[in-house]
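In what follows, a structure is listed as structure tokens, so that the remarks can point back to it.
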Amino acid sequence: MEAVLQTKIGTVEPKRGKVRDVYDLGDKLLIVATDRISAFDVVMANPIPYKGQVLTQISLFWFDFLSSSISHHLIETDAAKFPPPFNKSEKQLAGRSMLVKKTKVFPIECVVRGYLAGSGWKEYQKSQTVCGIKLPAGLKQCDKLPEPVFTPATKEEFGKHDENVDFARCVEIIGEKNAKYLRDKSIEIFKKASDFAESKGIILADTKFEWGEFQGSTILIDEVLTPDSSRFWPANKYQPGRDQESFDKQFVRNYLESINFDKSGPGVKLPDDVVKKTSEKYIEGCERLTGKKFGFSK
């Protein structure tokens, strides 16, 4: 199966994000996870084979796993059951697409951190805080936090960097009631997912959730606990005080840091070995989490 850099379905034009092509069907959306990969909010020049299927299959697993705790936007994943002309485009859409409810999206990235990594670690080194939350002194890179913390970020348009904000700013943007609900629910399902991942020998270091309002209810939307929205580390290789091996795009981030990528402008062409290893990491993470053989690469 060829990697999908972007989809083209008849004459319908999607909104293309960093990774997803989103088709507006009125009261529904068709979300297609391509094989594009972004790092530092920049889309790289070449795709990662099977990445879109991995993201979608992991999201489907978590939607099912969390269904007793939350409502979500998923309607259908069988391309043959999509409305025309999408039902005739199974080659492009198989395994990588979701027909979902269209919601009013809360403009906040609901980030939950269980470990001190990424931008959180960088902020901690300067101020001993993460998004204004005071943390204990003496923590090392990738240390486990005493409790998971909610560190929201603004949800920016394609081409702009999301910005970490404190909880007070989150309240200003979406109101106190919504902010408290998203914080509490995000931490609740992070803990549930983290416990499950741990049972599979995987550390869920952090993640981001997105939420939307649908018919008066707040529901979970977009991708969920995927290698693009989360840091997954193999527990048997975890050692604080350094970067961790991972099942996510941290492998690509580390490569870009090694070449002093300036984190802006056009994405670079990733070397073949980085592409291959990244694809393998995504698939391995999917198989370990779901307990199922990944069926799209054979």
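Residue indices begin at 1 and follow the sequence shown.
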Is a donor on one side and an acceptor on the other found under 3.5 Å between the side chain of [X] and the backbone of [Y]?
X	Y	value
Asp35	Val4	yes
Gln244	Gln239	yes
Lys185	Ser69	yes
Glu76	Leu74	no
Arg36	Leu5	yes
Thr34	Gln6	no
Lys102	Gly26	yes
His73	Ile219	no
Glu213	Phe106	no

Search all heavy atoms of [X] against all heavy atoms of [Y] and return the closest pair with its distance.
X	Y	value
Pro240	Asp143	CB-OD1, 3.3 Å
Pro136	Leu139	O-CG, 3.6 Å
Pro234	Phe247	N-CE1, 3.7 Å
Leu289	Ala197	CD2-CB, 4.2 Å
Leu99	Pro83	CD2-CD, 4.3 Å
Tyr50	Ser279	CD1-OG, 3.8 Å

Following the transitive rule for hydrophobic clusters with a side-chain heavy-atom cut-off under 4.5 Å over Ile, Leu, Val, Met, Phe, Trp and Tyr, establish whether [X] and [Y] coincide in one cluster.
X	Y	value
Ile133	Phe150	no
Val171	Val149	no
Ile187	Trp211	yes
Val22	Met98	yes
Phe214	Leu29	no

If you draw a 6.0 Å radius around [atom1] in [X], do more than 12 non-hydrogen atoms from other residues or ligands fall strictly inside?
X	atom1	answer
Asp272	CG	no
Glu172	CD	yes
Lys104	NZ	no
Lys28	NZ	no

How about [X] and [Y]: do any of their side-chain heavy atoms sit closer than 4.5 Å?
X	Y	value
Glu280	Lys276	yes
Leu204	Phe232	yes
Lys249	Ser38	yes
Val111	Thr207	no
Tyr124	Gln141	no
Tyr23	Thr7	yes
Tyr282	Asp228	yes
Phe82	Leu25	no

Step-by-step salt bridge (Lys or Arg N to Asp or Glu O under 4.0 Å) determination, Arg231 to Asp243 | CA-CA 11 Å; Arg231 286 185 176 88; Asp243 277 328; over 6 Å; no

First locate atom [atom1] of [X], then atom [atom2] of [Y], and finally report the distance between them rounded to the nearest 0.5 Å.
X	Y	atom1	atom2	value
Ile189	Ser194	CD1	OG	12.5 Å
Ile221	His72	CD1	NE2	13.0 Å
Phe209	Leu220	CZ	CG	6.5 Å
Asp262	Leu256	CG	CG	10.0 Å
Lys200	Arg288	NZ	CZ	10.5 Å
Lys237	Ser246	NZ	OG	11.0 Å

Those residues at least two apart in sequence (or on a different chain) that pass side-chain contact (heavy atoms from CB on, under 4.5 Å) with Val275 are Asn46, Ile48, Pro49, Leu270

Decide whether Thr278 and Tyr255 meet the rule of one side-chain donor and one side-chain acceptor closer than 3.5 Å. no

Q. Taking atom types as modelled and ignoring hydrogens, do the side chains of Ser71 and Lys101 form a donor-acceptor contact shorter than 3.5 angstrom?
A. no

#### Entry: Worked verdict on Glu188 versus Ile70 for side-chain contact (heavy atoms from CB on, under 4.5 Å)
CA-CA 10 Å; Glu188 175 193 329; Ile70 48 95; over 6 Å; no

Return a table of donor-acceptor pairs under 3.5 angstrom between the side chains of residues 113-121 and protein atoms on other chains or two or more places apart.
unit_1 : atom_1 : unit_2 : atom_2 : d
Arg113 : NE     : Thr151 : OG1    : 2.9
Arg113 : NH1    : Ala117 : O      : 3.4
Arg113 : NH2    : Ser119 : OG     : 3.1
Ser119 : OG     : Asn164 : ND2    : 3.3
Trp121 : NE1    : Gln125 : OE1    : 3.2

### Message
Could you go through Lys191 and Glu147, starting from their C-alpha distance and side-chain angles, then the distance that decides it, and tell me whether this counts as salt bridge (Lys or Arg N to Asp or Glu O under 4.0 Å)?
### Response
CA-CA 10 Å; Lys191 287 180 176 179; Glu147 284 290 328; 3.4 Å; yes

Show the atom names and distances, to 0.1 Å, of all donor-acceptor pairs under 3.5 Å that link a side chain in residues 54-67 to residues at least two apart or in another chain.
unit_1 : atom_1 : unit_2 : atom_2 : d
Thr56  : OG1    : Gly52  : O      : 3.0
Thr56  : OG1    : Arg96  : O      : 3.3
Gln57  : NE2    : Gly95  : O      : 2.9
Ser59  : OG     : Leu55  : O      : 3.2
Ser59  : OG     : Val224 : N      : 3.0
Trp62  : NE1    : Leu225 : O      : 3.1
Ser67  : OG     : Asp64  : O      : 2.8

| Step by step, would you call Leu30 with Leu93 a side-chain contact (heavy atoms from CB on, under 4.5 Å)? | CA-CA 10 Å; Leu30 184 68; Leu93 301 179; 4.2 Å; yes

Does the pair Glu287 and Lys292 meet the rule for a side-chain contact (heavy atoms from CB on, under 4.5 Å), with working shown? CA-CA 5 Å; Glu287 291 181 339; Lys292 296 180 180 178; over 6 Å; no

- request: Go through Arg253 and Glu257 one step at a time and tell me if the salt bridge (Lys or Arg N to Asp or Glu O under 4.0 Å) criterion holds.
  value: CA-CA 6 Å; Arg253 292 191 193 102; Glu257 295 276 22; over 6 Å; no

**Item:** Worked check of side-chain contact (heavy atoms from CB on, under 4.5 Å) between Cys142 and Trp233
**Value:** CA-CA 10 Å; Cys142 297; Trp233 301 333; 3.7 Å; yes

